[in-house]
Amino acid sequence: MIIDDTDPFAPEVLAEPEPLHAKLRDAGPVVRLSRYDVYALARYEHVHAALTNWQDFSSAAGVGLANFHVEEPWRPPSLLLEADPPRHDAPRRVLSGILGPRALRKLREDWFAAAEDLVEHALDTELDVVPALAEAFPLRVFPDAVGIGRAGRENLLPYGNFAFNAFGPRNELVTSQAAEMPRWSGWVNEQCARDRLTGDGFGAAIWAAADRGEITHEQAPLVVRSLLTAGVDTTVHGLAAVLYAFATHPGQWDRLRAEPRLARAAFDEAVRWQSPVQTFFRTATRDTPVADVTIPAGHKILMFLGAANRDPRRWAEPDVFDLGRDPSGHVGFGMGLHQCVGQHVARLEAEALLTALAKRVRRFELLGPGTRHLNNTLRAWRSLPMRLHLTPPHR
């Protein structure tokens with residue numbers, strides 16, 4: 001087994017992770033990262049297998065570097081992300097139903113109209129697409145769907161950013177935000193209370209499930225919190241990724257404009273290509289063999305989702321964004337029983353925004369390289385200034 005002292009959370013690696021990903025994939029199925037005493041998986045085969053093997057690779061000890069069995073978590077653990085069966089089952093079942101096809105059919109018309117309105121008012125010949133589009137659209141439609149008020153929504157992005165940073169080591173990305181975290185966390189927790197939610201959103205439906213005994217009333221606000229933690233940042237960064245993809249692959253944008261039905265596939269291909277969620281940890285529950293290496297019980301494994309999504313053993317020309325590819329099977333939303341429960345909501349947001357943009361934008365042109373937003377878990381853009389070549393609005 002190869003031992004490597006590279007810091008996967010170093011700023012230069014977070015900004016450009018592909019060289020480390022290639023190095024880890026080439027080194028073998030398992031690489032021990034000595035800096036944190038964790039075992040790294042970077043090949044698709046082994047990342048996929050670990051994600052689906054919750055019995056041997058547990059989420060209940062936390063999906064970050066910290067081990068909840070020996071360390072106090074900074075907040076009550078997530079009932080979905082940081083729990084295994086049977087504790088995980090009822091909250092997952094409730095949320096899967098609430099975010100299911102019926103709910104999305106009800107949202108579809110409103111979200112497409114909201115996307116048309118945003119595009120009509122936001123578009124200019126030059127703009128930064130991250131705040132103007134990738135952030136603005138999820139912050140407009142998703143909190144409405146959950147049922148929270150408009151005041152204070154600006155807290156959702158820094159709160160989610162800290163939550164994903166906290167999955168990594170306590171480096172400067174974490175410590176620089178620690179003083180503000182109680183304020184953000186306090187606001188989010190307040191929004192999870194029943195009396196703060198509208199009566200027709202996802203949040204109210206979660207509380208109604210508690211009334212029916214499907215989950216407890218103590219669990220209900222934690223399930224709402226899961227939506228607010230993971231339901232905004234990840235979608236924002238997925239939308240920024242797909243806009244960056246089309247700016248750097250203009251022929252693919254031409255193809256989507258000709259075939260708007262490809263919008264969802266385009267979003268999935270962008271999630272594979274950029275992997276907004278780059279890494280997650282698991283903890284071995286027993287001495288567990290992976291290829292020719294045994295992961296000792298109690299040790300953390302670090303799954304490089306971004307590396308798996310560009311593994312040439314699984315994908316042809318993996319570094320290319322290609323609408324002709326079938327991206328299903330990518331691990332950008334996880335895999336197995338902990339797979340992202342809100343992934344279809346994110347796909348609907350992307351479909352609505354891309355469909356609206358396809359009617360008005362002939363070409364996205366980057367104005368410079370853009371600026372990465374560094375996060376211990378997420379691959380994100382802080383800024384993507386572009387020149388937009390527009391077509392006249394249809395009247």
What distance separates Lys23 NZ from Ile2 CD1, expressed to the nearest 0.5 Å?
10.0 Å

Side chain to side chain contact (heavy atoms under 4.5 Å, CB included), that's the test. Do Tyr36 and Lys300 meet it? Break it down for me.
CA-CA 9 Å; Tyr36 300 107; Lys300 288 277 181 173; over 6 Å; no

Checking Glu180 side chain against Ser176 main chain: does a donor-acceptor pair fall under 3.5 Å?
no

Given side chain to side chain contact (heavy atoms under 4.5 Å, CB included), test His46 with Val30 step by step and report yes or no.
CA-CA 9 Å; His46 305 102; Val30 183; over 6 Å; no

Do you know which two heavy atoms are closest between Pro182 and Ala179, and how far apart they sit?
CD-O, 3.5 Å

Any side-chain to backbone donor/acceptor pair from Asp84 onto Ser59? Under 3.5 Å, distance only.
yes

Between Val232 and the options Val146, Asn161, Leu157, the side-chain contact (heavy atoms from CB on, under 4.5 Å) test singles out Leu157

Kindly give the heavy-atom pair with the smallest separation between Ala266 and Leu256, and that separation in Å.
CB-CD1, 3.8 Å

Can you find a pair of side-chain heavy atoms, one from Pro17 and one from Arg379, that are under 4.5 Å apart?
yes

State whether a side-chain donor-acceptor pair under 3.5 Å links Asp287 with Thr294.
no

Find the distance between CG (Asp117) and CZ (Phe112) and round it off to the nearest 0.5 Å.
15.0 Å

Sub-4.5 Å side-chain heavy-atom contact between Val271 and Pro276:
yes

Honestly curious: do Leu104 and Phe137 fall in one hydrophobic cluster under the side-chain, below-4.5 Å linking rule?
yes

Heavy-atom closest pair, residues Thr6 and Arg35
C-NE, 4.0 Å

Taking side chain as C-beta onward, heavy atoms only, is Val47 less than 4.5 Å from Asp311?
no

Is there a continuous path of hydrophobic side-chain contacts, each under 4.5 Å between heavy atoms, that joins Val63 to Phe9?
no

Using modelled atom types and a 3.5 Å cut-off, is there a donor and acceptor pairing between side-chain atoms of Lys359 and backbone atoms of Thr391?
no

Between Arg310 (side chain) and Trp273 (backbone), is there a donor-acceptor pair under 3.5 Å?
yes

For atom CD of Glu116, is the number of surrounding heavy atoms from other residues, nucleotides or ligands below 6.0 Å larger than 12?
yes

Looking at side-chain heavy atoms only, is the closest gap between Glu82 and Phe167 below 4.5 Å?
yes

Counting only N and O atoms by type, is there a donor-acceptor contact under 3.5 Å from the side chain of His299 to the main-chain atoms of Ile295?
no

I'd like to know if Arg150 and Asp144 make a salt bridge, using a cut-off of under 4.0 Å between side-chain N and carboxylate O.
yes

Cluster question for you: counting only ILVMFWY and a side-chain heavy-atom cut-off of under 4.5 Å, with indirect links fine, are Leu41 and Val13 together?
no

Let me confirm one number: the CG-CG distance from Asn171 to Leu65, rounded to the nearest 0.5 Å.
10.0 Å

Looking only at heavy atoms, what is the nearest atom pair of Phe304 and Ala40, with distance?
CE1-CB, 3.7 Å

If I compare all heavy atoms of Phe142 with all of Glu349, which pair ends up nearest, and what's the gap?
CD1-OE2, 4.0 Å

Indicate, with yes or no, if Phe321 and Leu357 share a hydrophobic cluster defined by side-chain heavy-atom contacts under 4.5 Å among Ile, Leu, Val, Met, Phe, Trp and Tyr.
yes

Tyr44 side chain vs Gly329 backbone, donor-acceptor pair below 3.5 Å:
yes

Scan residues 240-266 for pairs that pass side-chain hydrogen bond (donor to acceptor under 3.5 Å, both in side chains), counting only residues two or more places apart or in two chains.
Asp254-Arg363, Glu259-Arg261, Arg264-Glu351

Side chains of Leu95 and Leu227: closer than 4.5 Å at any heavy-atom pair?
yes

Do the non-hydrogen side-chain atoms of Phe57 and Met303 ever get within less than 4.5 Å of each other?
no

Cationic N near anionic O, under 4.0 Å, Arg313 to Glu45
no

Taken to the nearest 0.5 Å, the spacing of Trp111 CH2 from Lys106 NZ works out to 13.5 Å

Check against side chain to side chain contact (heavy atoms under 4.5 Å, CB included), Asn376 and Thr279
CA-CA 8 Å; Asn376 282 327; Thr279 54; over 6 Å; no

Could you list the residues that satisfy side chain to side chain contact (heavy atoms under 4.5 Å, CB included) with Ala230, not counting sequence neighbours?
Phe164

For Arg102, is the CZ atom crowded, meaning more than 12 foreign heavy atoms sit under 6.0 Å from it?
no

Going through the checks in order, is the side chain to side chain contact (heavy atoms under 4.5 Å, CB included) test met by Cys192 and Leu228?
CA-CA 9 Å; Cys192 301; Leu228 297 180; 4.2 Å; yes

Linked, directly or transitively: Leu81 and Met335 (ILVMFWY side chains, under 4.5 Å)
yes

Arg314 side chain to Ala308 main-chain N or O, any donor-acceptor pair under 3.5 Å?
no

Cut-off 3.5 Å, side chains only: do His237 and Asn375 have a donor facing an acceptor?
no

Kindly state each residue pair satisfying salt bridge (charged side-chain N to carboxylate O under 4.0 Å, His left out) with at least one member in residues 188-200, sequence neighbours excluded.
Glu190-Arg196, Arg194-Asp211

Under 3.5 Å: donor-acceptor pair, side chain of His338, backbone of Ala83
yes

For the residue pair Asn309 and Ser275, what are the closest heavy atoms and their distance?
ND2-OG, 3.0 Å

Qualifying residues under salt bridge (charged side-chain N to carboxylate O under 4.0 Å, His left out), relative to Arg282, sequence neighbours excluded
none

Does atom CD (Glu317) have a neighbourhood of more than 12 heavy atoms from anything else shown, all under 6.0 Å?
no

Phe280 vs Leu51 side-chain heavy atoms within contact, under 4.5 Å:
no

So, the side chain of Thr285 versus the backbone of Gln55: is there a donor-acceptor pair under 3.5 Å, distance only?
yes

Donor-acceptor pair, side chain of Arg387 and main chain of Glu126, under 3.5 angstrom
no

Under a 4.5 Å cut-off applied to non-hydrogen side-chain atoms, are Leu239 and Pro138 in contact?
yes

Roughly how far apart are Ile206 CD1 and Leu99 CG, rounded to 0.5 Å?
7.5 Å

Using the test salt bridge (charged side-chain N to carboxylate O under 4.0 Å, His left out), find all partners of Arg372 that sit at least two apart in sequence or belong to another chain.
none

Can you name the side chain to side chain contact (heavy atoms under 4.5 Å, CB included) partners of Arg32, sequence neighbours left out?
Met1, Ile3, Asp37, Tyr39

To the nearest 0.5 angstrom, please state how far the CH2 atom of Trp207 sits from the CD1 atom of Ile215.
8.5 Å

